[in-house]
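Notes to accompany the following structure.
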Amino acid sequence: MPEQLWWIVAVLIVLAATAAGLWTVVDRRRPSARYGALTSPSRKRPPRRAFRPDGESEPESPRKVAAFVVNPTKVSDLTDLRVRLTDVCRESGWAEPLLFETTPADPGGAGARSAVAAGADVVVAVGGDGTTRSVAEALADGPTPMAVVPLGTTNLFARNLDIPTDSLASMVRVALTGASRRVDLGTLTLDVSGEDQRPGEHTFLVMAGLGVDGEVMATTSERAKARIGWSAYVLNGLTRVTKQGFKARITTDEQPEFTRRTRSILVGNCGRLTGGIVLMPDARVDDGTLDAAIISPRGPVGWAGVVAQTATKRHFGHARVEIVRCTRISIRASRPTEVQVDGDHLGSARTVTMTVRPRALSVRVPLA
């Protein structure tokens, strides 16, 4: 082959290789013939369901579950309650609810723990302040929120948080769709003899105290409460205005001990009492402190003064009602004195200590 022809062949080979390389680059920038428009940058990727076989639907995300810890003594028909709770849960897009009944031996703690173990997204206390307190104690320091369907005599915790009490449906909707709010809890350590090495501990959400309030809680009958509601406590209290008080040695936080002759000492996480009465106007459920009201009237006239001070909200600087703010308070009584937490009578004791547990509980409250 002539030498010129070899040169012509070599040039053609180089040109062909160059053309092939350029085509490869251009071809990478074009939509693939194999996948067509699915990989074209000019069109959106089809939804995931387009790749599923015909007739196969997208799996639904699991629905939330509410667990209700119910005090059966506060409900007339448990079967009807279950139906009504199920209806509200379904209307709100939740799964069928779980129900746990309280017993005299266990007022709610075991049911709350079982609900958490079952994976409940919210645990609802259905009953009075005692049921609510027991459920709260079981959920304390955990992530699972508590909600309240208040069916008791006073329902002080629900009222202090503005939780509705008018209808079951509205209360359950707050439990399912309300906001979660972290609140404080109180712990009461009760020493019956004043010398116990292992005293009992009790959680409270609203108020704990000793004196006339403990006496009223101990002696007001269930029948009276069922017939006339919280007025039963008032009538019972009126019979005790002439009773003798006790001497108390009090220590708060790191302050020096002081002594008061008093009729009752109430320590509150909340400030609102039955009937809308505000005993501790500055008390808040999430301020990290407790408010102690030392009530020291002298006879019926003194009690009238206490009522007048409470109604006018003029507490500070007056001898009949003295308010002390603290994170810890220890009270040593001169004689055994009746003690209560959130309306539950605990018996008599000589020494009690109360401390605050800041933001220990998540609670469902109405949306702002």
Side-chain angles (χ1 to χ4, degrees), residues 107-109 112 125 127-142 145-148 150 152-163 179-190 200-211 213-214 217 230 233 250-253 264-295 310 313 315 321-331 339-346 352-366:
D129 285 326
T131 304
T132 303
R133 182 171 62 85
S134 184
V135 171
E137 192 170 20
L139 299 179
D141 301 318
M146 182 188 78
V148 182
T153 305
T154 57
N155 305 310
L156 288 181
F157 183 64
R159 295 182 189 280
N160 274 274
L161 291 177
D162 297 320
I163 295 172
S180 293
R181 177 182 178 184
R182 302 296 302 192
V183 302
D184 304 335
L185 292 177
T187 298
L188 179 144
T189 304
L190 182 145
E201 287 192 351
H202 305 269
T203 296
F204 64 94
L205 296 97
V206 183
M207 291 185 189
L210 68 165
D213 53 301
M217 298 304 171
W230 63 267
Y233 295 122
I250 304 167
T251 305
T252 62
D253 296 335
S264 181
I265 300 177
L266 281 169
V267 179
N269 188 36
C270 308
R272 195 185 310 172
L273 299 177
T274 303
I277 297 173
V278 180
L279 179 64
M280 306 164 190
D282 295 326
R284 301 291 182 271
V285 294
D286 55 2
D287 61 3
T289 63
L290 298 172
D291 287 60
I294 305 170
I295 304 173
T310 304
K313 300 181 181 179
H315 305 297
V321 180
E322 181 181 1
I323 304 293
V324 178
R325 174 164 289 187
C326 56
T327 60
R328 179 183 185 276
I329 181 170
S330 180
I331 305 165
V339 181
Q340 62 84 22
V341 290
D342 288 348
D344 286 343
H345 178 239
L346 298 182
V352 296
T353 300
M354 285 161 270
T355 55
V356 67
R357 298 167 63 183
R359 301 174 66 82
L361 181 69
S362 177
V363 180
R364 287 287 172 83
V365 298

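Side chains are part of it too, since the values below use all heavy atoms of this structure and drop only hydrogens, waters and symmetry mates.
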(message) Within the 4.5 Å heavy-atom criterion, are D162 and V365 side-chain neighbours or not?
(response) no
(message) Within this structure, what is the CG-CG distance for the pair N155 and L161, rounded to the nearest 0.5 Å?
(response) 12.0 Å
(request) Grab the two heavy atoms, one from I329 and one from A292, that are nearest each other, plus how far apart they are. (result) CD1-CB, 3.7 Å
(request) Output yes when a side-chain donor or acceptor of D342 lies under 3.5 Å from a complementary backbone atom of L205, and no otherwise. (result) yes
(message) I need the minimum non-hydrogen distance between G142 and R182, along with the two atoms involved.
(response) O-NH1, 3.6 Å
(message) Tell me the closest heavy-atom pair linking G288 and D184, and the distance in Å.
(response) N-OD2, 2.7 Å
(message) How close do E201 and E137 get, counting heavy atoms only, and between which atoms?
(response) O-OE2, 4.4 Å
(message) My understanding is that only one of L190, V267, T252 makes a side chain to side chain contact (heavy atoms under 4.5 Å, CB included) with M354; could you say which?
(response) V267
(request) Check whether any side-chain heavy atom of D282 sits under 4.5 Å from a side-chain heavy atom of I323, and report yes or no. (result) no
(request) Go through the steps to decide whether L361 and L139 satisfy the test side-chain contact (heavy atoms from CB on, under 4.5 Å), and finish with yes or no. (result) CA-CA 7 Å; L361 181 69; L139 299 179; 4.0 Å; yes
(message) What's the separation between atom CG in L266 and atom CG in L290, rounded to the nearest 0.5 Å?
(response) 12.5 Å
(message) Would you say that V356 contacts T289 through its side chain, given a criterion of any heavy-atom pair below 4.5 Å between the two side chains?
(response) no
(message) Return the CG to OG1 distance between L188 and T353, rounded to the nearest 0.5 Å.
(response) 8.0 Å
(request) Apply salt bridge (charged side-chain N to carboxylate O under 4.0 Å, His left out) to the pair D129 and R159, showing each step before the final yes or no. (result) CA-CA 11 Å; D129 285 326; R159 295 182 189 280; over 6 Å; no
(request) Verify, without hydrogens or angle tests, whether S134 (side chain) and G109 (backbone) share a donor-acceptor contact under 3.5 angstrom. (result) yes
(message) Any carboxylate oxygen within less than 4.0 angstrom of a Lys/Arg side-chain nitrogen, looking at R325 and D291?
(response) yes
(message) Closer than 3.5 angstrom, by distance alone: can the side chain of N269 be matched with the main-chain N or O of V206 as a donor-acceptor pair?
(response) no
(request) Starting at CD1 of I163, measure out to CZ of F157 and round the result to the nearest 0.5 Å. (result) 6.0 Å
(message) For a quick test of reading the model, state the closest non-hydrogen atom pair linking C270 to M280 and the distance between them.
(response) O-SD, 4.1 Å
(request) Find the distance between CG (L185) and CZ (R357) and round it off to the nearest 0.5 Å. (result) 5.5 Å
(message) Closer than 3.5 angstrom, by distance alone: can the side chain of R364 be matched with the main-chain N or O of A147 as a donor-acceptor pair?
(response) no
(request) Check for a donor-acceptor pair, side chain of D253 on one end and backbone N or O of T327 on the other, with a separation under 3.5 Å. (result) yes
(message) Consider side chain to side chain contact (heavy atoms under 4.5 Å, CB included). Of V148, V363, L156, which one does T132 pass it with?
(response) V148
(message) Return the OG1 to CZ distance between T187 and R328, rounded to the nearest 0.5 Å.
(response) 11.5 Å
